[in-house]
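Heads up: the structure comes next, in structure tokens.
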Amino acid sequence: MSTTGATADPLAALAALPGVADSVESVRKAVDRVYGHRVMRRRSNEITSEAALRGARGSAALSGADWALEEVRRRSDFSGDEEARTMGAALRLTAEAGQLLSIWRQSPLRVLARLHLVAAADKDERVGRPRQQGEPVDEPLISLPLPGAAEAHGRLEGLSALIIAGGSAPALVTAAVVHGELLALRPFTSHNGLVARTAERIVLIGSGLDPKSVCPAEVGHAELGREAYLRALEGYVSGTPEGVAAWIAHCGRAVGLGARESTAVCEALQRGAA
């Protein structure tokens, strides 16, 4: 889907698609429930840390490293096989996201380049910049047609301009479009899924919807499953109003499930303190 066009605020226009307003409202209620929990008033840092760990695990699972949460806690070396490296990249990205919030609204392309650099942890010349014509993309779990480098660059610039311009679109809509565009374009030679989900997280935090980062959408995306994730992404890439609305709704369900996960963590901490 192209995010450019005649509409002055195309992201806000997406909020008018059928069903999107309901998704936005549902997400707001789910987030409010977490923030209203009594444990959040005293132990929000613990909830944030736990959400970061669970979010990284969920994002890595969607990129082929589906580890048990306790395995992620136990491991200290993530430099071994490909799954370990994927998990390590997800953990590094989650830690990095909070450091880039102030830059995102002024220079989203700079943030995306930084995220790719952190994820790849490699000195290859292709790391930390959008791919060039003819460079292959290592994203085996996403089999959608790959746009050419010129198209990817143009749409990335358009997305960046929309973010910098701001607008009235709900946070969920902006986060879903950022996530969907990055997966559709796969602008880097690797780690696009991990980068896309981290960018979604940055939008949700920076928008003020989830300022303490306690509603990890990555948890929900993983819980909904890779098949549903890819099917919803296909709808987004189709560019039809129904497909785009379904993708936004899918992202909304993912945020809601992330909020539910952190609510359960709050309940567990409360029982432990009782």
Side-chain angles (χ1 to χ4, degrees), residues 27 30-31 33-35 37 39-79 83-104 111-112 114-121 171-172 175 178-179 182 191 193-224 229 251 253-270 272:
V27 164
V31 172
R33 279 194 293 272
V34 181
Y35 279 83
H37 199 285
V39 170
M40 279 291 293
R41 293 195 291 271
R42 299 176 286 109
R43 304 175 71 174
S44 64
N45 288 342
E46 293 176 64
I47 307 302
T48 296
S49 296
E50 186 65 20
L53 183 69
R54 295 179 184 224
R57 193 216 71 81
S59 189
L62 289 169
S63 286
D66 192 359
W67 290 13
L69 186 60
E70 291 312 311
E71 176 67 7
V72 182
R73 293 189 204 279
R74 184 186 68 81
R75 290 283 285 268
S76 58
D77 180 8
F78 296 96
S79 61
E83 284 196 8
R85 291 193 294 273
T86 297
M87 185 61 69
L91 289 166
R92 290 193 300 273
L93 285 172
T94 299
E96 188 76 10
Q99 311 303 314
L100 299 172
L101 294 172
S102 62
I103 305 172
W104 175 254
V111 169
L112 293 173
R114 173 62 184 170
L115 292 176
H116 186 239
L117 189 67
V118 168
L172 172 64
V178 167
H179 186 169
L182 292 175
H191 299 89
L194 293 174
V195 168
R197 290 183 289 275
T198 305
E200 179 185 44
R201 171 185 285 266
I202 288 173
V203 174
L204 293 172
I205 300 169
S207 67
L209 176 65
D210 181 21
K212 294 184 183 293
S213 190
V214 296
C215 302
E218 306 96 321
V219 167
H221 286 304
E223 184 173 336
L224 290 167
Y229 184 68
C251 290
R253 287 192 292 274
V255 176
L257 289 169
R260 188 182 71 178
E261 183 93 350
S262 286
T263 300
V265 172
C266 287
E267 293 291 338
L269 288 174
Q270 183 169 277

Kindly indicate whether the side chain of [X], heavy atoms from C-beta on, has any atom under 4.5 Å from the side chain of [Y].
X      : Y      : value
Thr198 : Thr94  : no
Val214 : Val265 : no
Met40  : Lys212 : yes
Leu112 : Val195 : yes
Asp210 : Val34  : no
Glu267 : His37  : yes
Val178 : Trp104 : yes
Arg57  : Asp66  : yes

What's the shortest heavy-atom distance between [X] and [Y], and which atoms?
X      : Y      : answer
Val31  : Ala259 : N-CB, 4.4 Å
Ile205 : Pro211 : CG2-O, 3.6 Å
Leu194 : Ala89  : CD1-CB, 3.8 Å
Glu200 : Ala217 : OE1-CB, 3.5 Å
Gly55  : Pro216 : CA-CB, 3.9 Å
Ala56  : Leu91  : CB-CD2, 3.6 Å

Hey, what do you get for [atom1] ([X]) to [atom2] ([Y]), rounding to the nearest 0.5 Å?
X      : Y      : atom1 : atom2 : answer
Leu93  : His116 : CG    : NE2   : 9.5 Å
Ile47  : Tyr35  : CD1   : OH    : 11.0 Å
Ser262 : Glu46  : OG    : CD    : 12.5 Å
Arg260 : Thr263 : CZ    : OG1   : 9.5 Å
Glu50  : Arg43  : CD    : CZ    : 11.5 Å

Would a distance-only check, ignoring hydrogens and angles, find a side-chain to backbone donor-acceptor pair under 3.5 Å from [X] to [Y]?
X      : Y      : result
Ser207 : Leu204 : yes
Arg197 : Glu218 : no
Ser213 : Thr48  : no

- [ ] Could you walk me through whether Leu172 and Val203 pass side-chain contact (heavy atoms from CB on, under 4.5 Å), step by step?
- [x] CA-CA 8 Å; Leu172 172 64; Val203 174; over 6 Å; no
Task: Ionic contact status for Arg75 with Glu71, cut-off 4.0 Å - done: yes
Open item on the list: Looking at Glu70 and Arg73, is any side-chain nitrogen of the basic one under 4.0 Å from a carboxylate oxygen of the acidic one?
Closed with: yes
- [ ] Could you give me the CA-CA distance, side-chain angles and deciding distance for Val219 and Leu257, then say whether side-chain contact (heavy atoms from CB on, under 4.5 Å) is met?
- [x] CA-CA 7 Å; Val219 167; Leu257 289 169; 5.6 Å; no
Open item on the list: Hydrogens and angles aside, do Ser59 and Arg201 bring a side-chain donor and acceptor to less than 3.5 Å of each other?
Closed with: no
Task: Mutual orientation of the aromatic rings belonging to His221 and His179 [parallel < 30°, tilted 30-60°, perpendicular > 60°] - done: perpendicular
